[in-house]
Amino acid sequence: MDRYLTVDTDWYRQRVSGALICVIAAFLILLVRLYYLQIVEGTEFIRQSQNNWFRVQGIPPERGLIFDRNGVLLVENRPCFNLSIIPRQAKNPKKVVYKLAELLHIAPEPLFARLAEAKGVPSFKPILLKRDVSRDAVAIMEAHKLDLPGIAITVESTRHYIEEKLASHFLGYLSEISPEEFKSGRFPDNRIGDFIGKFGVEKAYEPYFHGKRGKQHVEVNALGQLTRVLKTDEAIPGKNIYLTLDIGLQRTTESLLAGKVGTALAMDPSNGHILAMAGLPAFDPNAFVEGMTYESWNDLASNKFRPLENKAIQGQYPPGSTYKIVTAMAGLKEGVITERTRLFCSGEYRYGNRTFRCWKRNGHGSMNVTDALAQSCDLFFYQVGEKLGVNRLAKYAKACGLGSPTGVDLDMEARGLVPTTAWKLKRMGVPWQGGETLSVAIGQGFNLVTPIQMLNLISTLANGGIRYKPLVVSQIVCSDGSLVKKEMPVPLGEFSASKKTLQIIKKGLIDAVNKPTGTGWIARIPGVFVAGKTGTAQVVRMEEDNDQKPVEAKPLHLRDHAWFIAFAPAEEPTVAVAVLIEHGGHGSKAAAPIAREMIRSYLGRNEGLTIND
Amino acid sequence: MIDRRLLQHFDWILLGFTLVLGGIGILTLYSAATANADITVIKGPVYLKQSYWFALGTGVMILLVLFNYRWLSRLALPIYCLSIGLLVAVLFVGKEVSGSQRWLVLGPVSFQPSELLKISLAIMLARYFSESVTEKGFPLRELWKPLIWTLIPFALIVKQPDLGTSLIVLLIAGSMTIFVKIERRSLLCLTSAGIIGSMVAWFFLKEYQKQRILAFLDPQGDPLGAGYHIIQSKIAVGSGLLLGKGFLKGTQNALSFLPEQHTDFIFSVLAEEWGFLGSSVVVLLCLFMVVWGLSIAVRSKEPFGTILALGLTSMIFWQVLINVAMVLALVPVVGVPLPLISYGGSSMLVTMGAVGILLNISMRRFLFKE
């Protein structure tokens, strides 16, 4: 017998009746609720629908300010007036925009383009027509308000770099957040259209500068206009940042570099504070927030002197003779030479079937390490390098912080290159040539360093052997003045050389500046002992550059880079400097005077030193 | 294939309800989308797309009328397995939209297998219950099979996560089980298990889901956050008054204050523009449709038809009830579409499919005279 006969239709009818009652009851509840909302409470809701629309508007936080180490304001925020149109209120947006362009004497086409782009956006939403119009334009629009229905002027805060181009590589710039950055989750408090730090300190300290977005809960009416502010969660302004920069020294340094391509920087040897970091050519960071045209961006990006590059940390150059400090340190520590070792310079050194020359063609004669540093004798260091071998030399170079980033809190720092036999085999697939060691020992060849690495090297030598992380910020302070964070010196390592070894090298550097035979004689300052080392980094490899033409006669791109690294006062150093002039020719002529004036300026103002020429 | 006798018994009334509700849906969508350009920008003209789905749904409906529905009883297991297979596939290759992985993409169209499952499960359960139904009711030991068949897809849908659809799945299974009667003791056991289960489930809910429930209990606690949907929906519905603001004139709708106005909250657009009169007509139409479905269940002369008709009707009933109750702020916000009216291809096809099967059961009721 079929299963379905086990229960009869009446039983089902009874079950369905039960279901029917439930269904009707449920729908009755819906109808009663509808009646309640629409008829009983309806007038209240219609009032709310007219007036009581909630919206949340974001309040962008004020970006933190930037001061120099002494509290001089460098970067502030200024009001920026933006022009928008609300099509619904404008009735005839095209006509209004045309009128607006006429009043402001600007071309209407770009404004029409903005309108066209916004097609499909609900008509009560404002469309941005023009960013950052002048106060005069605002005044004109206020006066013609009635002729310009639907035009709205909103104020927002925008970044302002007070002295354009001053310390631009160091400060960096802002730019609109990219869709990739927005999606990355690293900027949870930002919206599309926000400006964030993209370079320099602005980028490195973005989390501090940004602060926290506020919220305003508002009611808007049927036209989307604000009628009442319900609740405001104020935005928390970003933190103010005091740099390590001494803006006086920075300004001096930039004026000293004027007309050249290169970089000059200064550091406090006692704690790693960067006192100046100038690079030329520079750029105006204001241009990035004001909106750059494609052409001006292209000019910046394709300029062969690379104005957007911070040469102090991104530029990689052969160190030239400044590297002899490393070779001397390695030689003394490894015992291949002593303080008293004398080597003879005849002007020419035979290695295998090659001849290596000293820069002084007829030779220096008999030299000890101090003389060799002071007079930058190549032959002395060829021999030291030959005895050390490239790998032992590399060990000391690395211990001095070369070949790896210094860790300075700025973007895109280059690491430089300390060559070893293993590196060459891996990189080029051919074994190391003995002669290459000789080139490396005097800072030519494969060696590459960044100016900040050399600054750190000379600064370490100045303070007696402690290598600090270069600091760009001294303290971070809340907008109410309370201290958030004080950047403390960060020791990265210590020279393994003994105090005595360092003394020997220091003596060489003092002689280099203070003895007429020294290569840095031009950098001397009466009344202060300056210690320094010149360097001439060959752009063209030595063998190829056999003509003896004076520097000025060579085409610019073949001229050597000029180095000078120094510290002062030699006994109790308070400032270390590094100068690199691209294609400047000899370090002694192009770079040393700049270093001298930087030191003079810094000591003159900070140490109260009276320096008479 | 269809003889004249069958055609004489064709259920024109059910078809009529379906077409009227579908038409109202397209009209409302037209308003929802025209008022808010954002939707059109993102999805294209939704009312047109919905019309295509409606036409396609009508095709599915006709297809499901052509053969004797009792074939479904034999095909129950394969259909069920296919649905489960698709649900599993969604877990691996499904398209993710705003945090939920619910869609299978086949060329230009995407489909939610969870919608299909509702019908497959109803068929599966109808077959099982119709084979062993007694007036005494089912004891617990005979219920473990339907329980497993329900819990497998339930878990898969919760995993997506799609709280609304998984809830509907439970409600369909529950309605059918209670309809075929279970022993009092078993009922108590299952009810208490359900209560404990939901308490445990609270800890597994996603943060946004908890927020919605808390917001329902106290919408003013966070009027701009989780409570926003509820408040805005109430304002839209309430401001419709007796006659409504008129077609295309809903301001809540126009100013995009309504969330999900073309899908889950379509009823608030309707209530705002057509007022109490219009919205209660729609509610009553839905009620008549459900009542009609129940009458089909009674008039079918064999258990499989009766129980299946009840299952499919319960599906429509629960969706209407939960959706409208949610829009009217009677229950927390759960994503359940309003059948035939909310925008959504899968939902449309499956509802039309269910109507097709109901029509099938209805017109073949005289083939089983005792």
Side-chain angles (χ1 to χ4, degrees), chain A residues 2-20 22-24 26-50 52-56 119-125 215-218 220-224 230-231, chain B residues 36-38 40-41 130-135 175 179-181 223-224 228 231-232 234-242 251-252 254-257 271-272 275-276 279-280 283-284 286-287 290-291 294-295 297-298 300-304 306 310 313-314 317 320-321 324-325 328-330 368 370:
Chain A
D2 264 3
R3 290 295 292 261
Y4 71 85
L5 292 178
T6 56
V7 286
D8 59 21
T9 28
D10 278 346
W11 186 78
Y12 279 122
R13 180 157 290 144
Q14 189 194 331
R15 301 298 294 171
V16 170
S17 307
L20 190 66
C22 297
V23 166
I24 292 175
F27 274 82
L28 216 56
I29 293 173
L30 294 185
L31 287 173
V32 169
R33 176 69 173 176
L34 262 178
Y35 181 82
Y36 173 79
L37 287 178
Q38 300 192 296
I39 309 297
V40 181
E41 292 278 301
T43 37
E44 167 60 17
F45 284 120
I46 205 131
R47 187 194 71 75
Q48 288 191 14
S49 85
Q50 276 159 0
N52 198 10
W53 289 336
F54 301 112
R55 283 266 167 101
V56 186
K119 206 150 228 163
V121 172
S123 63
F124 60 88
K125 288 194 176 154
K215 258 193 212 165
Q216 196 164 47
H217 299 193
V218 296
V220 290
N221 66 12
L223 289 171
L230 295 171
K231 192 174 123 204
Chain B
N36 189 319
D38 292 358
T40 315
V41 168
S130 65
E131 280 169 356
S132 46
V133 62
T134 64
E135 289 187 19
S175 309
F179 177 74
V180 297
K181 199 169 177 184
L224 299 152
Y228 182 86
I231 293 175
Q232 294 303 335
K234 269 166 78 177
I235 293 176
V237 173
S239 64
L241 300 182
L242 182 62
T251 53
Q252 286 284 102
L255 289 175
S256 339
F257 283 104
E272 186 187 19
F276 179 67
S279 44
S280 49
V283 170
L284 286 174
C286 292
L287 171 63
V290 170
V291 171
L294 290 178
S295 84
V298 173
S300 170
K301 296 292 186 291
E302 58 91 34
F304 177 69
T306 302
L310 183 110
T313 307
S314 80
F317 165 73
V320 172
L321 183 70
V324 176
L328 302 184
L330 285 170
F368 306 99
E370 288 111 306

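Throughout, a chain's letter reflects where its sequence line sits, starting with A, and its residues are numbered from 1. Predicted model only: the values in this text are computed from it and were never measured.
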Quiz prompt | For chain B, the option from Ile29(A), Ile24(A), Val16(A) that forms the most heavy-atom pairs under 4.5 Å | solution = Val16(A)

Quiz item: Looking at side-chain heavy atoms only, is the closest gap between Val23(A) and Leu294(B) below 4.5 Å?
Solution: yes

Quiz item: Are any non-hydrogen side-chain atoms of Phe27(A) and Val283(B) less than 4.5 angstrom apart?
Solution: yes

Indicate the atoms forming the closest heavy-atom contact of [X] with [Y], along with that distance.
{"X": "Ala26(A)", "Y": "Leu321(B)", "value": "CB-CD1, 3.6 Å"}
{"X": "Val180(B)", "Y": "Trp11(A)", "value": "O-CH2, 3.6 Å"}
{"X": "Phe276(B)", "Y": "Ile39(A)", "value": "CB-CD1, 3.8 Å"}
{"X": "Leu310(B)", "Y": "Ala19(A)", "value": "CD1-CB, 4.4 Å"}
{"X": "Arg33(A)", "Y": "Leu328(B)", "value": "NE-O, 2.7 Å"}
{"X": "Gln38(A)", "Y": "Val237(B)", "value": "NE2-O, 2.9 Å"}

Quiz item: Quick one: what part of Tyr35(A) sits under 4.5 Å from any heavy atom of chain B, side chain, backbone, both or neither?
Solution: both

Quiz item: Is it the side chain or the backbone of Ser280(B) that comes within 4.5 Å of chain A heavy atoms, both, or neither?
Solution: both

Practice problem: Can you tell which part of Val290(B) gets under 4.5 Å to a heavy atom of chain A, answering side chain, backbone, both or neither? | Solution: side chain

Self-check item: Residue from Leu284(B), Val324(B), Leu287(B) passing side-chain contact (heavy atoms from CB on, under 4.5 Å) with Leu30(A)
Solution: Val324(B)

Practice problem: Measure the NZ-CD distance between Lys181(B) and Gln14(A) for me, rounded to the nearest 0.5 Å. | Solution: 7.0 Å

